[in-house]
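Counting starts at 1 for both ligands and their atoms, following the listed order.
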Amino acid sequence: MLVLNNKCNFTKNEFIDYQKELQEIAATANVILCPTAINISNFNLTNISLGAQDVSKFSKGAHTGEISASQLASYNVKYCIVGHSERRTSFHETENDINLKIKNLLENNIIPIVCLGETLLEKQENLTSEKLTNAAKQLKNNLTKEEVNKLIIAYEPLWAIGSGLIPNITELEQNLSILKQNFPHNKILYGGSIDTNNIKIFQESTLLDGYLLGGLSLNPTSLKKILKILKNN
Ligand code: PGA
């Protein structure tokens, strides 16, 4: 599984051109494209699933600027990223907000892709295990077992996002195993500075079900390269 997070990129015409290039992507790979919300209505690919980058915690009503889960569902959105660190940090999203978003998504049959990860400071102070355990606990406390089992979990160390830095395989497996213990029935993805050179390191992991690509998702040539590498292994 490959989740493409376009973040706040591509004007209308740029997105149309981008999609033309993505049309060639092999239908065999399970690729989920999460465009900027305004580009969702221009999504026209059949070889790729549609995702969103965020959703409102409100189900409908007087909430200027918000987009609800039922609105996303009406545009055939099947997946939605929730709790990305950029939303937690820049938009002060809380665990309670994330929980409400997950519930709204599940009610509308959209699969939440929930992002968790440690900051650089937490890593430096050896607090990663505690951070991941607590994050998992909080997430599970607020949801039923059935709801938890529907989630896709994305391990995204904050210090790795957009930085060019990545965990080594030992560190990666240690942290993923904490998530796997907490979410034994869920798909687990990794996201943070994946590129065509380092993807091989992540392929060594025995615990990963896929990858979340930010910067690299914007470049169809690199995307095709990544898919080729994944296919050959
Ligand atoms: P990056 O972003 O691949 O640009 O590091 C990943 C993400 O934020 O999900």
**Message:** Could you work out, with side chain to side chain contact (heavy atoms under 4.5 Å, CB included) as the rule, every residue matching Lys225, not counting sequence neighbours?
**Reply:** Thr196
**Asked** Got a sec, which residues hit ring-ring contact (aromatic ring centres under 6.0 Å, His included) with Tyr75, two or more places apart in sequence or on another chain?
**Response** none
**Item:** Gln124: side chain to side chain contact (heavy atoms under 4.5 Å, CB included) partners, not counting sequence neighbours
**Value:** Leu120, Leu121
**Prompt:** What do you reckon, is NZ of Lys224 surrounded by more than 12 foreign heavy atoms closer than 6.0 Å?
**Reply:** yes
**Phe58 six-ring centre to Lys101 NZ/CZ under 6.0 Å and within 45° of normal** = no
Nitrogen or oxygen contacts under 3.5 Å, ligand 1 side and protein side:
| unit_1 | atom_1 | unit_2 | atom_2 | d |
| --- | --- | --- | --- | --- |
| ligand 1 | 2 (O) | Lys7 | NZ | 3.3 |
| ligand 1 | 3 (O) | Gly214 | N | 2.9 |
| ligand 1 | 4 (O) | Gly215 | N | 2.8 |
| ligand 1 | 5 (O) | Gly162 | N | 2.7 |
| ligand 1 | 5 (O) | Ser193 | N | 2.7 |
| ligand 1 | 8 (O) | Lys7 | NZ | 2.6 |
| ligand 1 | 8 (O) | His84 | NE2 | 2.7 |
| ligand 1 | 9 (O) | His84 | NE2 | 3.3 |
| ligand 1 | 9 (O) | Glu156 | OE1 | 3.3 |
| ligand 1 | 9 (O) | Glu156 | OE2 | 2.6 |

**Asked** Only one of Glu156, Gln53, Glu93 forms a side-chain hydrogen bond (donor to acceptor under 3.5 Å, both in side chains) with His84, so which one is it?
**Response** Glu156
